[in-house]
Amino acid sequence: MPELPEVETVRRGLEPVLAGQRLARVEARRPDLRWPLPDGFVQRLTGARILGLGRRGKYILAHLDRGDTLIIHLGMTGRFEIEGAAPRAPGAFVMAVPANPKHAHIVFETEAGVRITFFDPRRFGSMDLAETAALDESPRLAGLGPEPLGPDFNAAHLKKAFAGRRQSAKTLLLDQRIVAGLGNIYVCEILHRARVSPLTEAGAIGARRLGAIALATRQVLEEAIDAGGSTLRDYASAEGELGYFQHSFEAYGREHEGCRTPGCQGVIHRIVQGGRSTFYCPVCQR
DNA sequence: CGATACACCTGTGTGC
DNA sequence: TGCACACAGGTGTATC
């Protein structure tokens with residue numbers, strides 16, 4: 001589920017309750033997430049102070065004072081619940097859907113008495129530890145493409161990354177080695193905004209349309225992050241969950257509905273690419 | 001490399 | 001109501 005905007009929203013929600021805090025207690029109730037927890041996971045975290053929270057692609061990074069960084073991936077269904085934060089503290093949320101306690105896999109408790117629980121029914125999420133000094137070389141992060149909202153992501157990068165590639169634009173934008181953080185929903189949205197067909201052979205896309213894709217990527221992600229940010233404000237409360245927020249899409253999930261591109265009379269179609277649903281308008285996306 | 005299939009795991013919605 | 005099935009926002013591996 002969570003793509004870059006959701007991950008960034010979760011990061012921002014966790015930051016006020018975790019940054020600067022010491023972890024008084026860490027409990028690994030289930031070690032078998034996407035990958036097994038690293039050796040000494042609980043020991044390496046217990047007593048450590050979290051210096052701050054970062055993000056790389058869809059990974060949340062918690063930098064610790066002992067030289068480790070905790071690397072968190074939410075998978076498809078990962079979410080955090082915060083309990084015991086000060087009322088109305090930013091980052092504390094109303095529970096939208098009660099989390100099933102049997103999926104509470106990892107529990108952190110800060111010195112301040114706040115409990116942060118990681119729930120993940122499908123267990124596609126993961127937690128790992130790496131040395132902060134060599135973070136970029138860690139197995140999880142090595143090979144990730146540039147941040148889509150960073151300075152290295154632009155038409156020139158796409159031109160280089162797409163050159164000679166015969167796979168579809170949809171497939172390559174989903175490839176985290178080309179750009180880090182996009183998932184199925186936002187790739188659909190980006191290509192719709194850029195008016196580029198998801199079926200287009202990537203290597204055949206000209207500079208002008210690569211520019212449109214790069215621009216649409218920034219716009220769509222920033223708007224979604226803003227929407228997540230407003231969710232953070234709207235749902236500030238004493239207890240809550242982090243992981244999902246409501247957002248409206250132009251293409252994703254709108255099969256058979258009218259295209260909303262101004263002046264376009266098309267209808268959104270659903271096709272399958274690489275085993276995953278693609279939503280697009282065959283009229284305005286060429 | 002490219003394209004595809006499949007694997008991991010659980011929940012939810014739909015149609016019969 | 002029960003049951004089978006399709007499908008879900010991710011990503012790593014194997015195979016040809």
Side-chain angles (χ1 to χ4, degrees), chain A residues 1-11 29-37 55-60 71-80 96-106 118-128 138-145 148 160-192 198-204 220-221 224-225 227-228 231 241-256 270-279:
Chain A
M1 160 247 154
E3 304 180 32
L4 189 151
E6 291 78 18
V7 174
E8 175 61 20
T9 298
V10 171
R11 187 196 70 78
R29 305 184 46 168
R30 271 202 84 140
D32 54 336
L33 303 180
R34 177 70 168 87
W35 295 286
L37 294 175
R55 181 188 54 73
R56 182 75 175 91
K58 298 172 192 171
Y59 291 93
I60 293 170
I71 304 173
I72 302 167
H73 198 291
L74 301 175
M76 297 271 273
T77 53
R79 53 171 78 177
F80 283 98
V97 179
N100 185 333
K102 82 178 182 190
H103 300 309
H105 305 318
I106 311 281
F118 178 68
F119 292 84
D120 186 6
R122 288 178 78 174
R123 306 208 310 281
F124 287 172
S126 65
M127 292 206 191
D128 199 1
S138 73
R140 302 292 157 246
L141 306 186
L144 286 181
K160 206 170 171 181
F162 284 5
R165 305 293 296 269
R166 306 206 57 183
Q167 289 178 86
S168 68
K170 164 83 186 298
T171 301
L172 286 195
L173 287 172
L174 275 176
D175 187 335
Q176 304 298 297
R177 294 170 297 187
I178 288 179
V179 55
L182 306 184
N184 202 38
I185 290 179
Y186 289 104
V187 168
C188 290
E189 294 300 301
I190 287 161
L191 290 173
H192 185 263
L199 296 161
T200 311
E201 186 179 302
V220 166
L221 294 182
I225 290 170
T231 301
E241 126 186 69
L242 278 171
Y244 298 76
F245 62 87
Q246 294 300 312
H247 191 51
S248 65
F249 303 114
E250 299 291 305
Y252 188 85
R254 297 192 66 245
E255 187 182 17
H256 304 316
R270 183 179 87 93
I271 59 174
V272 175
Q273 290 179 286
R276 316 197 59 192
S277 290
T278 296
F279 296 87

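Only this structure's heavy atoms are used, side chains among them; waters, hydrogens and symmetry mates stay out. A note on names: the letters A, B, ... follow the listed sequences, proteins ahead of strands, and every chain is numbered from 1.
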**Student:** Please give, in whole Å, the distance from B/dG2 C1' to A/Arg165 CZ?
**Tutor:**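 The distance from CZ of A/Arg165 to C1' of B/dG2 comes to 8 Å, rounded to the nearest Å.
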**Student:** Using whole Å, what does the distance between atom P of nucleotide B/dC1 and atom CD of A/Glu201 come to?
**Tutor:**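 Going from A/Glu201 (CD) to B/dC1 (P), I get 17 Å.
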**Student:** A/His73 side chain N/O closer than 4.0 Å to the phosphate oxygens (OP1, OP2) of C/dT11?
**Tutor:**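 The answer is yes; a side-chain N or O of A/His73 sits under 4.0 Å from OP1 or OP2.
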**Student:** State, with a plain yes or no, whether a side-chain heavy atom of A/Thr278 is found less than 4.5 Å away from one of A/Leu191.
**Tutor:**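 No, every pair of side-chain atoms sits at 4.5 Å or beyond.
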**Student:** Can you name the atoms? Protein N/O to nucleotides 7-9 of chain B N/O, anything below 3.5 Å, with the distance.
**Tutor:**
| residue | atom | partner | partner atom | Å |
| --- | --- | --- | --- | --- |
| B/dC9 | O4' | A/Arg122 | O | 3.4 |
| B/dC9 | O3' | A/Arg123 | NH1 | 3.2 |
| B/dC9 | O2 | A/Arg122 | NE | 2.9 |

**Student:** Give a yes/no answer on whether the side chain of A/Lys58 brings an N or O atom under 4.0 Å of OP1 or OP2 in C/dT11.
**Tutor:**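 Looking at the OP1 and OP2 atoms of C/dT11, one of them is under 4.0 Å from a side-chain N or O of A/Lys58.
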**Student:** What interatomic distance, in whole Å, is found between P of B/dC6 and the corresponding atom of C/dA6?
**Tutor:**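 Nearest-Å result for C/dA6 against B/dC6 at atom P: 13 Å.
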**Student:** Could you state the CG-C1' distance from A/Leu221 to C/dG9, rounded to the nearest angstrom?
**Tutor:**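 Roughly 14 Å, once rounded to whole Å.
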**Student:** Does the A/Glu250 side chain pair with the main chain of A/Glu189, one donor and one acceptor, at a distance under 3.5 Å?
**Tutor:**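 Checking the backbone N and O of A/Glu189 against the side chain of A/Glu250, no donor-acceptor pair under 3.5 Å is found.
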**Student:** Show the nearest heavy-atom pair for residues A/Ile106 and A/Arg30, with the distance to one decimal.
**Tutor:**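 Heavy-atom minimum between the residues: CD1-O, 4.2 Å.
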**Student:** Whole angstroms only, please: what is the CG-P distance between A/Leu144 and C/dG10?
**Tutor:**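 That distance rounds to 14 Å.
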**Student:** Measure from CE on A/Met76 to P on B/dT12 and round the result to the nearest Å.
**Tutor:**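 Checked: the CE to P distance equals 14 Å.
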**Student:** OP1 or OP2 of C/dT11 sitting under 4.0 Å from any side-chain N/O of A/Gln176?
**Tutor:**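 Indeed, a polar side-chain atom of A/Gln176 lies that close.
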**Student:** Counting distance only, does the side-chain N/O of A/Gln176 pair as donor-acceptor with the main-chain N or O of A/Leu182 below 3.5 Å?
**Tutor:**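 Pair found, side chain donor or acceptor close to backbone of A/Leu182.
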**Student:** Figure out the CZ/P separation between A/Phe279 and C/dG9, and round it to whole Å.
**Tutor:**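 Atom-to-atom, A/Phe279 to C/dG9, this comes out as 8 Å.
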**Student:** For C/dG9, does either OP1 or OP2 sit under 4.0 Å from a side-chain N or O belonging to A/Tyr252?
**Tutor:**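 Checking C/dG9 against A/Tyr252, a side-chain N or O does come within under 4.0 Å of OP1 or OP2.
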**Student:** Starting at CD of A/Glu255 and ending at P of C/dA8, how long is that distance when rounded to a whole Å?
**Tutor:**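 In whole Å, C/dA8 P lies 10 Å from A/Glu255 CD.
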**Student:** Are any of the side-chain heavy atoms of A/Leu74 and A/Lys58 separated by less than 4.5 Å?
**Tutor:**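 No, their side chains stay 4.5 Å or more apart.
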**Student:** Using atom CD1 of A/Ile225 as one end and atom P of C/dG9 as the other, report the distance to the nearest whole Å.
**Tutor:**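 For the pair A/Ile225 CD1 and C/dG9 P, the rounded distance is 20 Å.
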**Student:** Which ranges of DNA chain C pair up as stems, where a stem means three or more consecutive Watson-Crick or G-U pairs with both distances under 3.5 Å?
**Tutor:**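 Expected stems, ordered by start: B:2-8 with C:10-16, B:10-16 with C:2-8.
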**Student:** Of the listed nucleotides (C/dG10, B/dG11, C/dA8), which one gets closest to any side-chain atom of A/Lys102?
**Tutor:**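 Output: B/dG11.
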**Student:** Looking at A/Ala161 and A/Ile178, what are the two nearest heavy atoms and their distance?
**Tutor:**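 Closest pair (atom of A/Ala161, atom of A/Ile178, distance): CB-CG2, 3.9 Å.
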**Student:** Any base atoms under 4.0 Å from A/Thr171, or only sugar-phosphate, or nothing? Heavy atoms, all strands.
**Tutor:**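 No contact.
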**Student:** Not counting sequence neighbours, list each pair that qualifies as a salt bridge (Lys or Arg N to Asp or Glu O under 4.0 Å) and has a residue in residues 160-174 of chain A.
**Tutor:**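 The answer is A/Arg166-A/Glu201.
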**Student:** With under 30° as parallel and over 60° as perpendicular, where do the rings of A/Phe249 and A/Tyr186 fit, or are they tilted in between?
**Tutor:**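 Perpendicular.
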**Student:** Minimum heavy-atom separation for A/Ile225 and A/Pro5, please, with both atom names.
**Tutor:**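 Result for this residue pair: CG1-CA, 3.7 Å.
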**Student:** Does a side-chain heavy-atom distance below 4.5 Å link A/Arg140 with A/His73?
**Tutor:**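 No. Closest side-chain heavy atoms not under 4.5 Å.
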**Student:** Determine: side-chain N/O of A/Arg276 to OP1/OP2 of C/dG9, distance under 4.0 Å, yes or no.
**Tutor:**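 Result: yes.
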**Student:** Using heavy atoms to find the nearest nucleotide of DNA chain C for A/Arg270 and A/Trp35 separately, return the residue whose nucleotide is more 5′.
**Tutor:**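 This one resolves to A/Arg270.
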